[in-house]
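Proteins come first, then strands; the chains are lettered A, B, ... in the order of their sequence lines, and each starts at number 1.
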Amino acid sequence: MAKKNKLVLIDGSSVAFRAFFGLHGQLEKFKNHYGLHTNALYGFHNMIQSVLNTEKPTHVLVAFDAGNTTFRTEYFPEYKAGRSKTPREFTEQMPYLRDLLKGFGIAHYELANYEADDIIGTLSVQADPEKFDVVVISGDRDLTQLAKENVRVDITKKGVSDLKPYTVESIKEEMGITPLQIIDMKGLAGDSSDNIPGVTKIGEKTALKLLEEFGSVEGVYENIDSMKPSKRKENLINDKETAFLSKRLATIDTNSPLEIAIEDVEYKGADLKKLAEFYKEMDFKSHLSKLDTSELDEEKEAKRTEINFEVVTEVTSEMFTDDMAVYVQLLSDNYHTAEVVGVSWGNEDHIYVGAAEDILTSPLFKEWAENESLTKATFDAKQTYVALNRYGIKLAAVKYDVLLEAYLLDVKDNSNDLAAIAEEYNYHDVANDETVYGKGAKIKVPEDITEMHTHLARKVKAIAVLGPDLMEQLENNHQKELFADMELPLAKILADMEIQGITVNGHRLEEMREEFSARLKEIEQKIYAEAGEEFNINSPKQLGVILFEKMGYPVIKKTKTGYSTAVDVLEKLQDQAPIVEYILDYRQIAKIQSTYVEGLLKVVREDTGRVHTRYMQTIARTGRLSSVDPNLQNIPIRLEEGRKIRQAFVPREEGWKIFASDYSQIELRVLAHISNDEHMKEAFIEEQDIHTSTAMRVFGVEKPEEVTSNIRRRAKAVNFGIVYGISDYGLSQNLGITRKEAQQFIDTYFKKYPGIETYMHEVVREAKEKGFVETLFNRRRYLPEINSRNFNLRSFAERTAINTPIQGSAADILKVAMIKIAQALKESDLKATMLLQVHDELIFEAPEEEIPALQKLVEDVMEHAVELNVPLKVESDFGQSWYDAK
DNA sequence: TGATTCACG
DNA sequence: ACGTACGTGAATCAA
């Protein structure tokens, strides 16, 4: 006989409901990027996945209830009445359950006037016991009545992936009755969840006893006369009709008029593409990453068009023309040090691929790459500049950069994976790096080198196709200048800064390491003494136990996982808890030690004594840069202890200085410009201290000298709040005042600066209408959640709508300044070099005698990088180290 | 891998 | 009634 089939029948409605309440405690954690709750979907998904794995079914169907009215409500309108209203957070997920099932390739069915139970019951009896084993899955124990020799019924326990199986034997063992007698039990005992009445005063226990004796509801009433007189007997007699009605209600219809048959629900496996789409939409990131995409990739691979390319070991001049794409393959992220494994170049029609050592040593290749009049397309120009520079090649005439183009089109598309970006733009002919090279520690060149060659050729083709294609879309968005005149030139400048690196005085850091290490040991002992035991101070969990359980201090704030031990919490405990002082000290020094002293020492190049960060040009949603490996944009400055780290950043030569210039209040100036608020503009034009000016207006102080430092501090917080898209709560937290007071500050502020209020309303309104906001230079950020029904998501999007044009325009301005400074330095005969950018600040190194010229050049360019309707102000300083250039 | 904490603008 | 300030990256712990 052929292998037996297995039919799995799932009660979709009840399982989804169970899944929802099973994860109800974490409702707010399960939300996708546009605010849809996903907990029921998540639980349901996991249940399906585990059932598919354990049961390996040949046939699967998910049945749903069709609606609120069924044949049961026709004769008993109260059936399932009295249930509390289904939460909206649940209902909103239901439409997506269909997408999930499509992804899994599972059939679903519902039938007007029938419940899911009836569909399942009917199919379970239709399944030929000779050919089918049947598994029924539900959250509703009623369905156990369907158990038979070939039918097992699994009922969900607490979670939904946890199932308890019911078989004929186990029901007998547990309750002493047959599956069909469960109906009789409901007839007698009723079921409050379905509003099935049953007989007065009879519960499950009594019902079981009666059934043991009389077998069925019918049996009970046939023998009712022989029963001893009792209250129970009376109830049975009075509720006879109800008992039969209840039995009828509880009986699953195993003969419902289905339009489908078992053959129609054959399970043919998941549609991985749809499943992946579903995961993406729901932000099920771990599922997405676990998805065995090999099948999917194979499918895609098969669909990919043939590609013609030539593998070459030597290059000839015919291989190079104008308008070609070029790609340098590295094996890891850090292109300063990553292994270079291959090079490909060409156009849509003809592509060359070669090994790095063959191609990058060729004078002909170098000549082409450096030729100013032969244009190129790249994916990540900056990476390509740096990688080629390692071979002494100065790449020139880059015209397209697919990574930068995609970033400008939508700052969300900042994946560094060409395939992912190509997919977004409906170009499917290139594979993921991960499928070719593997991931994590296992990244390597594939054994079959042809695989890599094909991959590299496909990348070049994708770049050649997408470069001009995305450029067209940029033009539609009026972003061509943003790309061609800002981001692309900046890539080259950043590459040069990164290659240059900044010199780090390792000895100074090592001195600090010794000093901090001694201090840490000392503080550690004091903490242990106070606590009365040794523990890991770095573990918030252990620290929480010590502070709030052992020592019994009041809990100020909780996090998802336990007690919060963040600074603001500890500061509130400082008066009553001497240990807190030590913990704060410990934290501060431990941070400096691990992140800055040790972290920095780890990345100093032995041979040159420099660190070479990588500026990420396509990460920040506002258009700012970010810095990694090491991050040189968060070197301590606020506290003296940490600030000393800056003493380790020094010029590359004796007699040189570190020179730094920063924009003063650039974000508020930008706000004054775009809001055109008269009072704020006036403050800047008249060169007033902006926070003092705000303090005078908002707190009604007459003269600047009457503004106390405390009032100024408050005004400063309000100004910050404005830039962030103020909320009364946020401001109250920051200032340690009540929400009401905070709200009053805000109200007064808007009264005194009406232009700001108008701007805020206007920018939010426009964002709701267009779905995005823009900076002064047409940098765009989409805000899909700005019209969300979810308050939190919507509020967040509204604050973002306010903040992004401010932060983003400020970022644009510094980028423009950098380009102009780089140009001016090139045209001058100064040796000065631009080294770092820290959002509103630029750091240079220069021979001491150049400092006056450099200062003039940099300040002039920065102050006039763009013309706003308020002046831009720049402050500069220089010194022996970054510490001294304050 | 996610959460927490903390460094910067 | 809802529960937050905007934008980043790195180290550490605890699963």
Side-chain angles (χ1 to χ4, degrees), chain A residues 28-29 35 285-286 289-290 411 440 535-544 557-570 583-584 587-600 602-603 613-616 619-639 641-643 645-646 662-663 665-667 671 717-735 739 742 746 781 788-808 810-811 814 836-841:
Chain A
E28 294 314 302
K29 257 177 82 177
K285 300 208 176 95
S286 67
S289 63
K290 267 187 243 147
V411 287
F535 64 100
N536 185 347
I537 308 168
N538 286 320
S539 160
K541 196 177 166 189
Q542 292 181 36
L543 179 60
K557 201 167 70 177
K558 287 201 139 197
T559 64
K560 274 181 209 159
T561 50
Y563 311 112
S564 170
T565 65
V567 250
D568 54 318
V569 170
L570 296 186
I583 292 166
L584 289 171
R587 283 248 179 99
Q588 195 201 326
I589 293 171
K591 173 83 177 183
I592 299 168
Q593 181 78 317
S594 68
T595 307
Y596 299 103
V597 179
E598 287 168 350
L600 220 43
K602 259 185 254 170
V603 291
T613 186
R614 278 143 56 223
Y615 286 105
M616 301 277 100
I619 294 291
R621 314 284 247 256
T622 53
R624 274 191 176 180
L625 300 175
S626 75
S627 156
V628 295
D629 230 10
N631 180 355
L632 295 181
Q633 291 182 319
N634 71 346
I635 302 301
I637 187 165
R638 292 172 190 168
L639 300 170
E641 300 275 28
R643 190 175 195 153
I645 294 288
R646 293 178 176 229
D662 70 285
Y663 277 118
Q665 305 297 350
I666 188 164
E667 293 197 344
L671 175 60
V718 175
N719 278 332
F720 266 96
I722 293 294
V723 168
Y724 294 155
I726 202 154
S727 76
D728 54 357
Y729 182 86
L731 184 61
S732 74
Q733 286 297 297
N734 193 294
L735 282 178
R739 259 170 84 158
I746 295 167
R781 178 169 181 180
S788 166
R789 273 91 45 228
N790 181 300
F791 176 89
N792 279 331
L793 291 170
R794 188 178 63 246
S795 304
F796 185 39
E798 287 169 359
R799 292 197 296 272
T800 310
I802 293 167
N803 176 262
T804 295
I806 303 172
Q807 193 183 114
L814 191 58
L836 304 175
Q837 189 256 39
V838 193
H839 308 307
D840 63 357
E841 180 185 15

Taking atom P of C:dC6 as reference, at what distance in whole Å does atom CZ of A:Arg781 sit? 10 Å

Which is true for A:Gly721 with a 4.0 Å heavy-atom rule: it touches a base, it touches only sugar-phosphate, or it touches nothing? base

How would you label the contact of A:Gln542 with the nucleic acid (heavy atoms, under 4.0 Å): base, sugar-phosphate, or nothing? sugar-phosphate

Whole-Å distance separating the CG atom of A:Asn719 from the C1' atom of C:dA5: 14 Å

In whole angstroms, the gap separating C1' of C:dG7 from CZ of A:Phe720 amounts to 13 Å

Looking at every strand, decide which applies to A:Arg794 at a 4.0 Å heavy-atom threshold: base, sugar-phosphate, or nothing. nothing

Between C1' on C:dT8 and CG on A:Asn803, what's the gap in Å once rounded to a whole number? 12 Å

For A:Asn792 and C:dA5, give me the distance from atom CG to atom C1', rounded to whole Å. 13 Å

Just N and O in the side chain of A:Thr595: are any of them under 4.0 Å from OP1 or OP2 of C:dA11? no

Under a 4.0 Å heavy-atom criterion, the protein footprint on nucleotides 2-9 of chain B, written with B, S and -, is -SSSBBBB

A:Leu543 CG - C:dT12 C1' separation (whole Å): 13 Å

Taking OP1 and OP2 of C:dA14, is either one under 4.0 Å from a side-chain nitrogen or oxygen of A:Ser539? yes

Kindly indicate whether the side chain of A:Ser727 and the base of C:dT4 share any N or O donor-acceptor pair separated by less than 3.5 Å? yes

Nearest 0.5 Å, what's the CZ-CG distance between A:Arg614 and A:Leu625? 13.5 Å

To check you understand the geometry: which heavy-atom pair defines the closest contact between A:Ile722 and A:Leu671, and what is its length? CG2-CD2, 3.6 Å

Answer yes when A:Arg587 and A:Glu641 have at least one side-chain N-carboxylate O distance shorter than 4.0 Å, and no when they do not. no

Any strand counts, and the cut-off is 3.5 Å on both contacts for Watson-Crick or G-U wobble. Which nucleotide pairs with B:dC6? C:dG9

Give a yes/no answer on whether the side chain of A:Arg739 brings an N or O atom under 4.0 Å of OP1 or OP2 in C:dT4. no

For the atom pair CG (A:Asn538) and NZ (A:Lys541), what is the distance rounded to the nearest 0.5 Å? 15.5 Å

Under 4.0 Å, heavy atoms only, any strand: does A:Asp662 hit a base, just the sugar-phosphate, or nothing? nothing

Under 4.0 Å, counting only non-hydrogen atoms across every strand here, what does A:Val723 touch: a base, just sugar-phosphate, or nothing? nothing

Between A:Thr804 and A:Arg781, a side-chain donor and acceptor under 3.5 Å: yes

Span that lies between the P atom of C:dA5 and that of B:dC6, in whole angstrom: 15 Å

May A:Phe791 be described as stacking on the base of C:dC2, applying a 5.5 Å centroid limit and a 30° limit on plane angle? no

Under 4.0 Å from OP1 or OP2 of C:dC13: is there any side-chain N or O of A:Asn536 that close? yes

Just compare C:dA14, C:dG9, C:dT4 and give me whichever is closest to any side-chain atom of A:Asp728. C:dT4

Sugar-phosphate, base or nothing in reach of A:Ala717, heavy atoms under 4.0 Å: base

Between A:Gln633 and A:Ser627: side-chain donor-acceptor atoms closer than 3.5 Å: no

Would you mind reading off the distance between A:Arg614 atom CZ and C:dT8 atom P, rounded to a whole angstrom? 17 Å

Indicate yes or no: at least one non-hydrogen side-chain atom of A:Asn634 is less than 4.5 angstrom from one of A:Tyr596. yes

Is the CZ atom of A:Phe535 crowded by more than 12 outside heavy atoms at less than 6.0 Å? yes

Here the distance between atom C1' of C:dT8 and atom CG of A:Asp629, to the nearest Å, is 15 Å

